[in-house]
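For ligands, and for the atoms within them, numbers begin at 1 and follow the listed sequence.
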Amino acid sequence: MPNFTLQDSVFENAAKRFPTPFHLYDEPGIRERARRLRQAFSWCPDFREYFAVKALPNPAILRIMKEEGCGLDCSSATELTLAAACGFEGEKIMFSANAMPPAEFDQARALNAIINLDDASDLELLADHGGIPEQICLRYNPGGDFAIGNTIMGNPGEAKYGMPADQLRKTLERAGRMGAGRFGLHAFLSSNTMAESYYPELAGILLRLGKELEKKTGLRFSFINLSGGIGIPYRPSEPEVDIRAAAEGVRRIYETVCPEGGVAIKSELGRWMTGPCGWLVTRAVHEKKTHRDYIGVDACAADLMRPAMYGAYHHITVCGKRETPENRVYDVTGCLCENNDKFAIQRSLPEIGIGDLLVIHDTGAHGHAMGYNYNGRLRSAEILYTRDGDYRMIRRAERAEDYFSTLDLDPAAEALGLRKKNEF
Ligand SMILES: *Cc1c(COP(=O)(O)O)cnc(C)c1O
């Protein structure tokens with residue numbers, strides 16, 4: 001079920017220091033998860049988690065990941081810049097290519113990052129933009145549906161990522177001829193999956209494919225990259241994925257397919273690492289009773305897009321009312337002129353009063369990061385609840401001048417008190 005590790009007083013005290021809305025992240029919780037993952041894979045000597053930067057791209061969080069021995073998975077120029085600014089380089093950075101501007105290869109190569117190629121054509125681009133490195137990773141897409149037993153877990157056949165096996169073999173051979181000597185194999189076949197068997201299944205697919213390719217090409221894989229995709233329980237009825245059991249499952253497959261060892265394992269978890277350690281803290285500012293009962297809050301989809309975009313469930317609790325019976329039914333809404341701007345639809349909740357502090361759970365991954373500025377709405381601050389029980393603002397809330405900073409506003413700029421006209 002959603003994460004209830006923090007007391008309401010933690011959110012209430014934060015809201016005394018910082019104006020709502022804000023995302024609050026639990027530093028000890030994030031460190032605990034990083035350690036639990038490392039421990040689960042401690043049987044694999046070269047295991048490394050490359051935290052998916054896109055899930056929570058804040059330097060304070062990335063530095064925590066660094067201290068916990070993680071690398072970073074980046075897939076844009078700005079994410080590479082963030083990684084470099086936080087002291088990551090070389091094999092601590094995975095760069096996942098995906099139809100991005102070729103100059104980003106130059107940047108990734110300058111950092112000596114491990115590059116994960118998405119397509120055969122990337123090889124030429126890379127040769128022209130930074131050169132072919134000694135070590136290279138290739139992204140596999142098996143096509144069709146990805147099923148575990150009778151359950152369809154994903155649709156790689158519709159996914160834009162990765163290469164089919166025949167293309168992958170050709171790309172591997174070409175990369176070998178162009179000078180690469182060590183190889184990795186990557187696939188991401190299922191997102192937000194709660195199946196403990198996902199990583200073991202995927203490891204089996206990649207290890208077997210690696211063996212087959214080695215037989216055909218004589219080229220050896222030094223690691224497999226299980227990527228991200230392990231889910232978290234957003235709903236109270238859902239159990240957590242047992243990461244230890246998942247890692248043990250990977251070990252069993254590994255010992256069967258690859259008893260001689262020598263292949264390292266990498267992961268690129270985003271959601272699993274930080275999702276349960278973030279909460280969007282927002283205040284009830286409006287109540288409206290029409291065809292339904294609505295509670296308007298001071299956060300909106302600009303701060304957390306998942307409910308509007310995917311209809312995603314995020315659990316909501318009301319500070320100080322955990323024991324109050326949930327005998328009211330509300331739609332909890334933001335202020336966008338978009339009817340999908342609802343954090344909850346027809347949700348049973350305790351009676352909510354204006355000024356009550358609402359806590360929206362599991363916003364620590366793909367939460368603030370997916371925010372946007374529709375309707376001219378400005379994104380919230382991010383607060384770190386630190387190891388010593390203090391609070392640190394790790395991103396201020398956006399201000400109007402941030403929104404206007406890419407526009408040619410003059411002469412309106414002066415009326416708004418903005419200092420200078422932007423240069424074009
Ligand atoms: C998004 C992404 C991840 C992280 O996915 P989660 O679902 O957050 O675990 C990892 N690797 C790549 C290449 C991604 O695009």
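Around ligand 1 you find A52, K54, D73, S96, R139, F188, S227, G228, G229, E268, L269, G270, R271, H366, each with a heavy-atom distance below 4.0 Å.
Contacts classified as ring pair (Phe, Tyr, Trp, His ring centres under 6.0 Å) and involving residues 133-192 (residues at least two apart or in different chains) are given here: F146-Y198.
Figure legend: cation-pi geometry between R306 and Y234, with NZ or CZ positioned under 6.0 Å from the six-membered ring centre and within 45° of its axis.
The existence of a salt bridge linking R38 and E49 is excluded, since no basic side-chain nitrogen approaches an acidic carboxylate oxygen closer than 4.0 Å. A salt bridge is defined here as a Lys NZ or Arg NE, NH1 or NH2 lying under 4.0 Å from an Asp or Glu carboxylate O, and R17 with D390 meets this definition.
Looking at residues two or more places apart in sequence or on another chain, you find a salt bridge (charged side-chain N to carboxylate O under 4.0 Å, His left out) between E382 and R395. Annotation: side-chain hydrogen bond (donor to acceptor under 3.5 Å, both in side chains) contacts of S197 (sequence neighbours excluded): none.
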